[in-house]
Number of protein chains: 2
Amino acid sequence: MPVSPISPMVDKLKLWLPLTAADEAAILSLPHVIRSLRASEFIVREDDRPTHSCLLLSGYAIRHKVAGNGGRQIFSIHMKGDVVDLHNSILRRADHNIQALTTVDVAMIPVAAIREIITAYPQVGEAMWYETLVDAAIFREWTLNVGRRDARARTAHLLCEFSVRLDVAGLGEKDHYELPMTQEQLADALALTNVHINRTLKHLADEGYIERSKRSIRILDFLQLARVADFDTRYLHLD
Amino acid sequence: MPVSPISPMVDKLKLWLPLTAADEAAILSLPHVIRSLRASEFIVREDDRPTHSCLLLSGYAIRHKVAGNGGRQIFSIHMKGDVVDLHNSILRRADHNIQALTTVDVAMIPVAAIREIITAYPQVGEAMWYETLVDAAIFREWTLNVGRRDARARTAHLLCEFSVRLDVAGLGEKDHYELPMTQEQLADALALTNVHINRTLKHLADEGYIERSKRSIRILDFLQLARVADFDTRYLHLD
DNA sequence: CGACGATTTGAAATCAGTCAAGAGCAGTGG
DNA sequence: CCACTGCTCTTGACTGATTTCAAATCGTCG
């Protein structure tokens, strides 16, 4: 069986609901165009009316929005297998930006084809709904993180989430990975300043929870870090 | 035509997508049980496996989650017509709490019936999906609010959102309403302390943006307040 | 080597939190 | 009708986590 470039989407959706062979075949035969984008290119911009949904095939992307005072808030980080633009596509008008963090390859699927597969294969539709609900669960956890945890727990929490999600996506090892973002971007995800992120990472390293060199992170004891982070995987709905 | 207690759900879903007479009839004939709950009773608790989705018929409810350090974060406030528990029902295991803020009446609809209507009436299913995506858009805006706006803008933003949503739900006037929550609960929604909420409300009143007595709020100039709040209705996806 | 962006560090400023106490208000029961 | 209780709201004084501003170092790439 030839491996379709869209197969990561099948793998991801199967995390949420069982799919029949017919469901899988329908997904794999979704029309699409592969595109490469360079770091910092926009995949979708706020106020766009998206014509395509983008499946991430490689690299990393972020969702974010900019406040009137210039502050930027990142809502989530996306990786291989994520359909980064279901929210904006189904809502028809984008209320936030999606931007490549690194060089990325994406499969662009026409929104019309997404709508057709929902009707023709309701189980696939429900799996995509599920995917957007897990995104929403992540947004909630990030709100809790930003709103009610201090800088140390907040930063540790992001490191834990990234570790678990990389593991689930089959990228990198759980205790050792490369962060695909600058400290300034981390700051925008955690609602801190780049200066304070720097101090907080140093602090976590001084305390012996992590080791780092450049953007590479090694988690020395995941359970300990998770305790500091007040991290509990349940919000990722993986079981 | 007899008015079904479920009709607020039809009105709400029609905000998102057009529904045929058959779609509407299918919604109105959803099986359900009406229940009344008193203020502060839980509708769903984190870790529950919900068997029913709750449609709010009267009163107010909140979504929230408690961090390990005891801090509570409220994610959204719900009112008449909101199906408060679609997220938890579809995900099968609740990752957050839903709690009555005031005395509420709810219609409890079995999750199985929700799943059936999704398959039998795909447009209704898509409208419910849309509803959860608008919830997610509100979560994102709240993350931006908590993460990147100062106490004054943040508080003003909540006042603006509440005003607009009451208006859409056909409750109260846009420039004059009763907040259904204590300042401590406001603090949990805005990631501030009750003390600072108090000072911030006073400040907004001293500046002439609002008048208040007890929990009643009068917005003196909505556009001015919206400017202070960095508030833009687009994230509510009402048009 | 030079340039640019990213990281690191220090010192001072600030927004919001903490602690504490008093005032207002509703409900209860004597 | 009044005293008591409990909860919410209000205000003041002080503390502290994070920001701001500024400058130095590091690393990569041309």
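A, B, ... follow the sequence lines: proteins, then strands. Residue 1 opens every chain.
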Heavy-atom nearest nucleotide on DNA chain C taken for B:T193 and for A:K202; more 5' hit belongs to A:K202
Let's test your reading of the model: under 3.5 Å, does the base of D:dT20 pair with the side chain of A:R199 as donor and acceptor? yes
Between CG of A:L190 and P of D:dT19 the distance, given in whole Å, is 11 Å
Review point. Are B:H87 and B:F75 an aromatic pair by the rule of ring centers under 6.0 Å?
Key: no
Here the distance between atom P of C:dT9 and atom NE2 of A:H203, to the nearest Å, is 13 Å
Between CZ of B:R148 and C1' of C:dC15 the distance, given in whole Å, is 15 Å
Here the distance between atom C1' of C:dG17 and atom CD1 of B:I197, to the nearest Å, is 13 Å
Notebook entry, point to check: Using the ring of each side chain (for Trp, its six-membered ring), is A:Y60 parallel, tilted or perpendicular to A:F162, with breaks at 30° and 60°?
Noted result: tilted
Between CG of A:L179 and C1' of C:dA6 the distance, given in whole Å, is 14 Å
In whole angstroms, the gap separating C1' of C:dG5 from CG of A:L186 amounts to 16 Å
When rounded to the nearest 0.5 Å, the distance separating CZ of A:R35 from CG of A:D105 is 11.0 Å
TODO: State whether a side-chain donor-acceptor pair under 3.5 Å links A:S53 with A:S89.
DONE: yes
Please list, pair by pair, any protein nitrogen or oxygen found under 3.5 Å from a nitrogen or oxygen in nucleotides 5-9 of chain D.
from: D:dC9; atom 1: OP1; to: B:R215; atom 2: NE; distance (Å): 3.2
from: D:dC9; atom 1: OP2; to: B:Q183; atom 2: N; distance (Å): 2.8

Practice task
Name the orientation class of the two ring planes belonging to B:H237 and B:Y130 (parallel below 30°, tilted from 30 to 60°, perpendicular beyond 60°).
Solution key: perpendicular
Separation of C:dA11 atom P from A:H196 atom NE2, nearest Å, is 17 Å
From CG of B:L192 across to P of C:dC15 the rounded distance in Å is 14 Å
Evaluation steps, side-chain contact (heavy atoms from CB on, under 4.5 Å), between A:L158 and A:W142:
CA-CA 9 Å; A:L158 184 142; A:W142 281 42; 4.0 Å; yes
